[in-house]
Colleague: 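This structure is in structure tokens; I'll ask about it shortly.
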Amino acid sequence: MALDQGTTSSRTIIYDKAGNIISSAQKEFTQIFPHEGWVEHDAMEIWATQMGTAQEALLTAGLTYQNIAAIGITNQRETTVVWDKATGEPVYNAIVWQCRRTADYAERLKPCEDMIRRKTGLLADPYFSGTKLAWILDNVEGARERARRGELLFGTIECWLIWKMTGGAAHVSDYSNACRTMLFDINTLKWDEELCALLDIPMCMLPAPVECSAHYGDTVPELFGGPIPITGSAGDQQAALFGEACFKEGEAKSTYGTGNFLLLNTGDKAVPSKNGLLTTIAWGLNGKVTYALEGSVFVCGAAVQWMRDQLKFFDNAAESEKLAASAGDSGGVYVVPAFVGLGAPYWDPDVRGALFGITRGTSREQIVRATLESLAYQNEDLLAAMQADTGKSLASLKVDGGAALNDLLMQMQADISGTEIVRYASIESTSLGAAYLAGLAVGYYENLDDIISAKAIARTFKPSISEDERKEKMEGWHRAVNASMAFHVRK
């Protein structure tokens with residue numbers, strides 16, 4: 001059973017050993033926006049929807065707790081919960097990863113950024129959990145004093161769910177989530193006193209760091225009628241890397257969702273980035289830690305939604321492929337979909353989207369094609385940054401997420417990156433990764449080879465354009481990006 005706790009919905013998927021979906025259930029929950037740039041969730045609603053979908057998935061399949069080998073969890077990362085150790089009640093809403101209210105906290109940390117980067121692999125940014133936790137302690141009356149007395153606990157979403165499911169018996173956070181807090185040293189695998197002191201975080205409220213595949217505890221019997229072992233946990237992007245079976249150093253996956261996340265397995269080395277990427281823990285397994293480089297693009301599938309909802313170019317996102325294919329080429333048009341700024345490797349929040357190279361003859365179809373191409377260009381920027389950081393080129397790229405089903409986009413990616421694209425039969429790699437991690441801990445899967453043998457490749461896409469054509473396309477893209485960055489939003 002994989003619990004997939006996302007930003008907008010809670011899902012549960014029950015898998016068989018081959019990775020086939022036996023049953024699934026999904027429930028959206030409330031998005032709370034108290035002020036501009038603030039995003040919150042009700043942690044109790046997250047708990048209720050996640051358990052509701054788990055029970056529904058069991059009932060739909062006619063299964064009981066006795067049929068489930070183990071539970072694995074994957075979650076929205078960085079989202080922060082603080083709760084009362086005695087009552088289990090949150091002291092404030094969960095502050096979501098997207099929330100920018102702690103920008104001033106992050107700004108105050110800038111003089112320490114080299115130290116933060118060296119220890120955590122992260123930037124001093126409100127994206128991460130540490131500043132969110134500090135804000136709750138600063139703004140909820142009596143919270144910091146109660147935390148110092150050991151009355152309050154902190155956790156990201158997987159930690160919160162495990163604590164609740166075990167009736168408070170397990171207060172743990174797996175390495176892949178702990179490393180996204182800006183409080184965790186990815187080299188020593190411990191919470192760091194210096195980092196906690198910067199934000200005045202009482203260390204007694206922090207969970208125990210654990211591997212991503214281990215027995216954390218059992219569910220309390222009243223949840224499912226009997227105990228189920230909880231044995232797997234990983235943040236969503238690391239779970240997707242595991243779900244795509246990128247087990248070897250140099251293997252990478254790209255998740256084409258609302259945004260785009262590209263992770264490269266760097267083995268047992270935490271590779272520092274000089275090219276705008278984050279260094280992160282991929283997973284801890286069997287006493288060993290695997291690291292990754294991560295690049296994030298803010299707008300991927302959201303660009304297709306923009307063409308559908310705002311431009312009314314088509315009624316269904318799937319139609320974008322047919323329209324783009326009918327254009328033949330983009331006619332020299334470039335789209336820079338910087339609707340909320342640019343992520344890696346540019347990290348410029350003040351850029352906005354732009355359309356270049358249009359003429360009186362530019363068609364809707366060409367704009368659609370150019371928008372799809374922009375998704376491949378952004379991904380190639382991340383791949384180039386990873387190559388610069390590691391000194392190695394990529395033999396192939398594994399893909400997942402909704403937009404990975406667009407064959408034309410995948411062929412564009414192969415062409416623009418000069419890399420073979422591999423798409424497995426299942427693109428549900430995030431929840432599948434959580435299931436694999438849980439299954440390994442209880443012997444449902446014997447080893448990593450057992451997982452690889454269960455995966456089936458649906459299709460591969462090989463580069464079909466010349467190196468000169470590829471270079472010309474990327475040069476045009478970079479001219480468009482640079483022009484966009486020259487036209488900043490006025491503050």
Side-chain angles (χ1 to χ4, degrees), residues 5 7 29-48 75-109 112 116 120 122 124-173 177-185 190-209:
Q5 206 300 298
T7 307
F29 54 86
T30 310
Q31 305 296 306
I32 304 166
F33 307 104
H35 303 286
E36 185 179 350
W38 291 31
V39 191
E40 297 176 1
H41 292 154
D42 180 342
M44 292 301 287
E45 188 182 6
I46 285 177
W47 162 245
N75 57 286
Q76 50 166 318
R77 301 177 302 174
E78 297 97 16
T79 296
T80 299
V81 188
V82 176
W83 66 94
D84 185 300
K85 185 178 181 179
T87 67
E89 289 291 322
V91 302
Y92 189 80
N93 280 336
I95 301 183
V96 180
W97 61 273
Q98 299 160 312
C99 188
R100 305 300 289 180
R101 79 182 65 184
T102 58
D104 57 334
Y105 284 72
E107 193 60 36
R108 292 200 296 270
L109 295 176
C112 306
I116 291 169
T120 69
L122 309 175
D125 193 273
Y127 180 19
F128 307 110
S129 312
T131 60
K132 303 177 196 301
L133 171 53
W135 188 95
I136 291 174
L137 296 181
D138 284 342
N139 289 274
V140 174
E141 187 176 355
R144 184 166 269 108
E145 291 73 22
R146 294 186 64 204
R148 287 183 180 134
R149 292 197 299 266
E151 296 173 11
L152 300 184
L153 299 178
F154 153 77
T156 41
I157 295 298
E158 89 300 342
C159 174
W160 164 244
L161 291 176
I162 292 169
W163 191 89
K164 292 287 283 182
M165 284 194 290
T166 60
H171 183 220
V172 298
S173 180
N177 277 295
C179 76
R180 309 294 293 192
T181 61
M182 215 167 63
L183 304 171
F184 188 76
D185 190 322
K190 294 178 181 177
W191 300 110
D192 187 84
E193 289 187 25
E194 187 177 12
L195 293 168
C196 289
L198 278 178
L199 291 165
D200 194 14
I201 305 295
M203 295 183 74
C204 59
M205 68 187 308
L206 304 179

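Computed over heavy atoms, backbone and side chain alike; hydrogens, waters and symmetry mates excluded. Everything quoted here is computed from the prediction, not taken from an experiment.
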Colleague: Measure the CG-CD distance between L152 and E89 for me, rounded to the nearest 0.5 Å.
Modeller: 12.5 Å
Colleague: List the steps, then state whether salt bridge (charged side-chain N to carboxylate O under 4.0 Å, His left out) holds for K85 with E151.
Modeller: CA-CA 6 Å; K85 185 178 181 179; E151 296 173 11; over 6 Å; no
Colleague: Side chains of T181 and E78 only: does a donor on one sit below 3.5 Å from an acceptor on the other?
Modeller: no
Colleague: Quick one, L206 with C196, criterion side-chain contact (heavy atoms from CB on, under 4.5 Å). Give me CA distance, side-chain angles, the key distance, then yes/no.
Modeller: CA-CA 10 Å; L206 304 179; C196 289; 3.8 Å; yes
Colleague: What distance do E194 atom CD and I116 atom CD1 have between them, rounded to the nearest 0.5 Å?
Modeller: 9.0 Å
Colleague: Taking the side chain as everything from C-beta on, heavy atoms only, tell me whether M182 gets closer than 4.5 Å to S129.
Modeller: no
Colleague: Decide side-chain contact (heavy atoms from CB on, under 4.5 Å) for I95 and L133; before the verdict, give the C-alpha distance in whole Å, the side-chain angles of both, and the deciding distance to 0.1 Å.
Modeller: CA-CA 8 Å; I95 301 183; L133 171 53; over 6 Å; no
Colleague: Determine, step by step, whether W160 and F154 satisfy the ring-ring contact (aromatic ring centres under 6.0 Å, His included) criterion, reporting the C-alpha distance in whole Å, the side-chain angles of both residues, the deciding distance to 0.1 Å, and the verdict.
Modeller: CA-CA 8 Å; W160 164 244; F154 153 77; over 10 Å; no
Colleague: For the CG atom of L195 and the CD1 atom of I201, what is their distance to the nearest 0.5 Å?
Modeller: 10.5 Å
Colleague: Ignoring hydrogens and angles, state whether a donor on the side chain of E158 or S173 is under 3.5 Å from an acceptor on the partner side chain.
Modeller: yes
Colleague: To the nearest 0.5 Å, what is the distance between CZ on R144 and CD on E141?
Modeller: 14.0 Å
Colleague: In Å and rounded to the nearest 0.5 Å, what is the OG1 to CG distance from T120 to D192?
Modeller: 9.5 Å
Colleague: Does H41 reach the main-chain N or O of T7 with its side chain, forming a donor-acceptor pair under 3.5 Å?
Modeller: yes
Colleague: Are there more than 12 heavy atoms of other residues, nucleotides or ligands under 6.0 Å from atom CD of Q31?
Modeller: yes
Colleague: Could you please spell out the steps behind the side-chain contact (heavy atoms from CB on, under 4.5 Å) verdict for I157 and L161?
Modeller: CA-CA 6 Å; I157 295 298; L161 291 176; 4.1 Å; yes
Colleague: Measure from the ring center of W38 to the ring center of W135 and say whether it is less than 6.0 Å.
Modeller: yes
Colleague: Minimum heavy-atom separation for C179 and L122, please, with both atom names.
Modeller: O-CD1, 3.3 Å
Colleague: Treating T156 as the side-chain partner and N177 as the backbone partner, does any N or O pair qualify as donor plus acceptor under 3.5 Å?
Modeller: no
Colleague: Donor-acceptor pair, distance only, cut-off 3.5 Å: does the side chain of K132 make one with the backbone of T102?
Modeller: no
Colleague: Would Y92 and N139 count as having a side-chain donor-acceptor pair, cut-off 3.5 Å?
Modeller: no
Colleague: Would you sort out whether H171 and W83 count as a ring-ring contact (aromatic ring centres under 6.0 Å, His included), showing the intermediate values?
Modeller: CA-CA 12 Å; H171 183 220; W83 66 94; 5.7 Å; yes
Colleague: Evaluate salt bridge (charged side-chain N to carboxylate O under 4.0 Å, His left out) for R101 paired with E40, printing each intermediate quantity in order.
Modeller: CA-CA 11 Å; R101 79 182 65 184; E40 297 176 1; 2.8 Å; yes
Colleague: When you measure from the side chain of T166 to the backbone of W163, do you find a donor-acceptor pair of N or O atoms at a distance under 3.5 Å?
Modeller: yes
Colleague: Distance check, rounded to the nearest 0.5 Å: L137 atom CG versus L199 atom CG?
Modeller: 9.5 Å
